[in-house]
Every structure is written in C-alpha cells, then in structure tokens.
Amino acid sequence: MDILDKASTQIQFAGRLLIAYIFVMAGWGKIVGYAGTVAYMEAKGIPGALLPLVILTELGGGLAVAVGFQARLAAFLLAGFSIVSAVVFHYQPGDQAQMIGFMKNLAMAGGFLFIVANGPGAWSMDALIGTHKNPGVA
C-alpha cells in the first residue's frame, strides 16, 4: 500500500471541497449580484425567472457535494448543469477565453461523474449516516 492509497480518504475529501468551491461561490455571487445575473441570462436567451433554480443548483448542490450529503445525486445534477451551461454560455469557437470556460465546465462535469461513480468517500455525511455505499464493491 503506497502513500496515495493511505491518503485516499483525505484526497477524496479535498477533491470534493475543491470542485464544490466554484459552485458555492458562483451561487452566492448570483445572490449578491441578482439583477446583473438576470440581465446576463436574458441576454443569452435564458429566462431570468430561472435564476432561483440556478442558485439552488449551484449553492445547494455545491454545499451538498462539499459536505458529502446526497453527494452522488448532487454531483450528477451538477455534472448536467456544467454541460448545459458550457454549451449555452461558453461555446464560442471564435473566442479563446470562452472556449477555455467551455472546456473547464466539461472538466468539472468529468470530476462530478467520478463522484457519481465512486461516491463521496469516508469523510462525508453520506458515510456518517450510512447512506453511502461504494458502487465499486459488491
């Protein structure tokens, strides 16, 4: 057993925190910049009335992943959200900065799919309350 195997619990926890951080901060930013976010969404053809759902997805889903509560479901929803927002807001092949955002969103979706496949790990609310089952173990 090497050092990475021994540290896998801590690594999973750190990974969850890091991937969740951007969504928690983005959700909070949409709350404090509500009017500007509505205007941006509407400029992209997305109804501003969907903003509360976006905030719930980002902030609520990000917090759920961070603490590991219903983490597989939250990660699945955030993976889908990341893909949809990549296509709607960032897919602009002529704009390198937007394409970096597009690829970043796809990469985050990939990270969330790892959580979906492997669960949140031992340092999670799901493990604490007994709802986490490692999908890779029979």
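Aromatic ring centroids of F81 and F76 lie 6.0 Å or more apart.
Nearest heavy-atom pair, G62 versus L78, reported as atom, atom and distance to 0.1 Å: N-CD1, 3.8 Å. The shortest non-hydrogen separation linking I83 to A109 is CG1-CB, 3.7 Å. The heavy-atom pair separating A86 from L106 by the smallest distance is CB-CD2, 4.4 Å. In terms of heavy atoms, T9 sits closest to A122 at CG2-CB, 3.9 Å.
We find the OG-CZ distance between S85 and F102 to be 10.0 Å, quoted to the nearest 0.5 Å. Rounding to the nearest 0.5 Å gives a distance of 11.0 Å between CD of Q10 and CG of L4. Distance check, rounded to the nearest 0.5 Å: OG1 of T57 to CG of L51 gives 10.5 Å. Within the model, atoms CE of M25 and NZ of K30 stand 11.5 Å from one another, a figure rounded to the nearest 0.5 Å. Considering CG of L77 and CD of E58, their distance stands at 13.0 Å, rounded to 0.5 Å. In this structure, the separation between CG on L53 and CG on L56 is 6.5 Å, given to the nearest 0.5 Å.
The number of heavy atoms from other shown groups lying within 6.0 Å of CZ (F89) is above 12. Within a 6.0 Å radius of OH in Y34, more than 12 heavy atoms belonging to other residues, nucleotides or ligands are found.
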V65 vs V24, side chain to side chain contact (heavy atoms under 4.5 Å, CB included): CA-CA, chis, key distance, verdict = CA-CA 10 Å; V65 167; V24 171; over 6 Å; no

task = Starting from the C-alpha separation in whole Å, work towards a yes-or-no answer on side chain to side chain contact (heavy atoms under 4.5 Å, CB included) for W28 and I55.
result = CA-CA 7 Å; W28 181 253; I55 291 169; over 6 Å; no

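Cluster membership check: V38 shares its hydrophobic cluster with I31, using side-chain heavy-atom separations under 4.5 Å among Ile, Leu, Val, Met, Phe, Trp and Tyr. Under a hydrophobic-cluster definition in which Ile, Leu, Val, Met, Phe, Trp and Tyr are linked whenever side-chain heavy atoms come within less than 4.5 Å, directly or via other members, F13 and V67 are assigned to different clusters. Residues F23 and M41 are members of one and the same hydrophobic cluster, defined by side-chain heavy-atom contacts under 4.5 angstrom among Ile, Leu, Val, Met, Phe, Trp and Tyr. Residues L73 and L59 fall into different hydrophobic clusters, defined by Ile, Leu, Val, Met, Phe, Trp and Tyr side chains chained together at heavy-atom separations under 4.5 Å. Residues M99 and M108 do not share a hydrophobic cluster, defined by chaining ILVMFWY side chains whose heavy atoms lie under 4.5 Å apart.
Under the 3.5 Å distance criterion, the side-chain polar atoms of S124 are left unmatched by any main-chain donor or acceptor of P120. Here the side chain of D126 pairs no donor or acceptor atom with the backbone of T131 at under 3.5 angstrom. Remark: side-chain polar atoms of R16 are not paired, donor with acceptor, to backbone N or O of A64 under 3.5 angstrom.
Side chains of S82 and N105: a donor-acceptor N/O pair is absent below 3.5 angstrom, by distance only.
Contact of the I115 side chain with the F112 side chain is registered, since non-hydrogen atoms from C-beta on lie closer than 4.5 Å.
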